[in-house]
Amino acid sequence: MPVHSNKALTVLGLGDMGSALTRSWLAAGYAVTVWNRSPRRAPAGAAVAATAATAVAANTLVVVCLLDDAAVRATLDGIDLTGRDIVNLTTSTPAEARALSEWITARGGRFLDGGIMAVPSMIGVADSGAYVFYSGATELHEANAEALAVPAGVNYVGADPGFAALYDIALLSAMWGMFAGAAHAFALIGKEDISPMAFAPLMVAYQQAMAGYAYGTAAQLARGDYAEGVESNLAMMVTTNGTLLRTAAEQGVSAELLTPFMALMERRVAEGGGKESTTGVVDLLRR
Ligand code: NDP
């Protein structure tokens with residue numbers, strides 16, 4: 001018989017993230033049944049199930065944290081999900097999450113998707129800033145609010161099961177832009193007698209100072225006017241791009257991380273957006 005308790009749950013997947021999640025629930029006094037495809041050492045105190053089906057049968061609340069959507073499908077295929085609350089913390093696309101929701105609901109389960117905005121070492125650590133976007137079945141979310149709040153903060157973004165993934169991937173995509181810029185900057189200073197350790201705090205401070213730029217972009221998108229209140233106009237920035245490219249050439253660094261964005265900036269200027277900020281690039285990306 002499954003355990004209907006808000007102090008017991010199943011975790012499928014004992015990778016870096018699944019293990020961290022399991023440890024956080026164990027530390028909070030939850031009884032955790034775990035399953036992993038291949039033998040891995042389970043966190044001390046967890047009950048190891050021999051099969052995914054046994055693990056799912058053990059508890060009403062089942063948290064899934066596997067590599068990707070295909071792994072989730074392969075694992076849950078053929079298992080009785082009647083009456084189960086499936087919380088999928090595997091990174092997936094919005095469409096994958098919506099399709100998974102339909103697949104699970106059709107088999108008698110309830111579905112909540114989640115996007116984890118943290119690395120494993122932040123899980124279960126108070127004030128680490130870790131949180132999870134959730135979307136999907138509101139009733140599932142409300143019924144399990146206490147358990148879901150254990151590993152990280154909770155940010156429920158609506159009943160559409162695709163929204164958690166969309167918020168998650170949008171923020172991850174923004175992060176790649178930041179990482180790409182950092183990689184280029186470190187390459188630029190790399191051949192000189194400049195310590196990366198001394199340079200890093202300058203980069204962090206500057207990126208933090210510039211991060212508020214997103215508020216201006218958001219306000220312009222909301223107004224539909226991209227030229228009002230602009231203090232760094234696109235025509236000027238495109239000219240400055242030439243200096244960035246010449247510097248890369250002087251330092252023997254490939255500009256391949258910068259040029260796609262620069263090309264979009266140039267296109268917007270060519271189309272008459274020279275007095276705007278970079279907000280018009282958002283429109284160029286929409287297909
Ligand atoms: P790991 O690579 O550490 O673990 C992957 C897990 O998926 C293992 O349990 C593995 O099992 C399992 N797996 C892979 N393929 C299959 C399959 N076909 N069938 C069944 N199980 C399978 O990854 P993480 O734990 O780090 O990540 C898990 C999820 O969490 C990912 O979706 C990731 O994007 C997300 N996430 C991870 C973060 C991180 O920093 N680590 C941050 C935020 C989200 P086996 O041991 O048998 O290989």
Side-chain angles (χ1 to χ4, degrees), residues 2-37 40 42-43 45-49 51-69 71-77 79-92 96-97 100-101 103-105 107-120 122-125 130-156 161 164-165 168:
V3 178
H4 294 273
S5 158
N6 53 11
K7 278 283 191 183
L9 75 159
T10 286
V11 175
L12 302 180
L14 288 179
D16 293 327
M17 189 53 91
S19 295
L21 294 166
T22 300
R23 281 194 297 272
S24 74
W25 276 305
L26 288 167
Y30 283 71
V32 188
T33 301
V34 295
W35 170 86
N36 196 64
R37 176 183 60 173
R40 284 199 189 212
V48 179
T51 64
T54 330
V56 170
N59 293 297
T60 303
L61 178 59
V62 177
V63 173
V64 187
C65 189
L66 301 171
L67 187 62
D68 59 10
D69 182 63
V72 176
R73 292 272 183 165
T75 299
L76 294 181
D77 196 24
I79 293 181
D80 184 6
L81 300 180
T82 315
R84 290 295 166 279
D85 281 345
I86 308 292
V87 177
N88 182 35
L89 298 183
T90 306
T91 305
S92 45
E96 285 167 353
L100 194 61
S101 177
W103 193 59
I104 283 168
T105 309
R107 292 160 62 192
R110 294 192 294 191
F111 181 78
L112 191 69
D113 198 61
I116 303 173
M117 306 312 295
V119 294
M122 294 163 72
I123 298 297
V125 177
Y131 71 92
V132 181
F133 284 122
Y134 286 103
S135 72
T138 314
E139 320 76 48
L140 190 174
H141 167 249
E142 285 169 358
N144 296 285
E146 204 180 308
L148 296 180
V150 168
V154 171
N155 189 343
Y156 181 72
D168 177 6

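Y134 approaches G114 most closely through the heavy-atom pair CD2-CA, 4.0 Å. When all heavy atoms of A46 and T22 are compared, the closest pair comes out as CB-CG2, 4.3 Å. The minimum heavy-atom distance linking A71 with L67 is given by the pair CB-N, 4.3 Å. Residues S135 and A164 share a closest heavy-atom pair of OG-N, 2.9 Å. Scanning both residues, L66 and G13, for their nearest heavy atoms gives CD2-CA, 3.5 Å.
Note: I86 CD1 to L81 CG = 5.0 Å, rounded to the nearest 0.5 Å. Here the CD atom belonging to E96 is positioned 10.0 Å from the OG1 atom belonging to T91, to the nearest 0.5 angstrom. Expressed to the nearest 0.5 Å, how far CG of L61 lies from CG of N144 amounts to 4.5 Å. For the atom pair CG of L14 and CZ of R23, the computed distance is 9.5 Å after rounding to the nearest 0.5 Å.
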Item to check | Stepwise side chain to side chain contact (heavy atoms under 4.5 Å, CB included) check, I116 with I123 | outcome: CA-CA 9 Å; I116 303 173; I123 298 297; 4.1 Å; yes
Next on the checklist: V119 vs M122, test: side chain to side chain contact (heavy atoms under 4.5 Å, CB included). Steps then yes/no.
Outcome noted: CA-CA 6 Å; V119 294; M122 294 163 72; 3.7 Å; yes
Item to check | Worked verdict on T138 versus Y156 for side chain to side chain contact (heavy atoms under 4.5 Å, CB included) | outcome: CA-CA 9 Å; T138 314; Y156 181 72; 3.0 Å; yes
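Remark: S101 engages T105, F111, P161 in a side-chain contact (heavy atoms from CB on, under 4.5 Å) (not counting sequence neighbours). For T90, the side-chain hydrogen bond (donor to acceptor under 3.5 Å, both in side chains) test picks out N88, with sequence neighbours left out. Shown here are the side-chain contact (heavy atoms from CB on, under 4.5 Å) partners of T10, two or more places apart in sequence or in another chain: L12, T33, A55, A58, N59, V62.
Side-chain contact between R37 and T75 is absent, with no heavy atoms from C-beta onward closer than 4.5 Å. You'll find the side chain of L21 reaches within 4.5 Å of the side chain of M17, heavy atoms only. Between S92 and D168 the shortest side-chain heavy-atom distance does not fall below 4.5 Å.
With hydrogens and angles ignored, the 3.5 Å screen pairs no side-chain donor or acceptor of R110 with any backbone N or O of G136. Between the side chain of D113 and the backbone N or O of A97, no donor-acceptor pair lies under 3.5 Å. Side-chain N or O atoms of R84 include one that pairs as donor or acceptor with a backbone N or O of V56 at under 3.5 Å.
The side-chain contact (heavy atoms from CB on, under 4.5 Å) with V132 is formed by just one residue from the set L89, V87, V154; it is L89.
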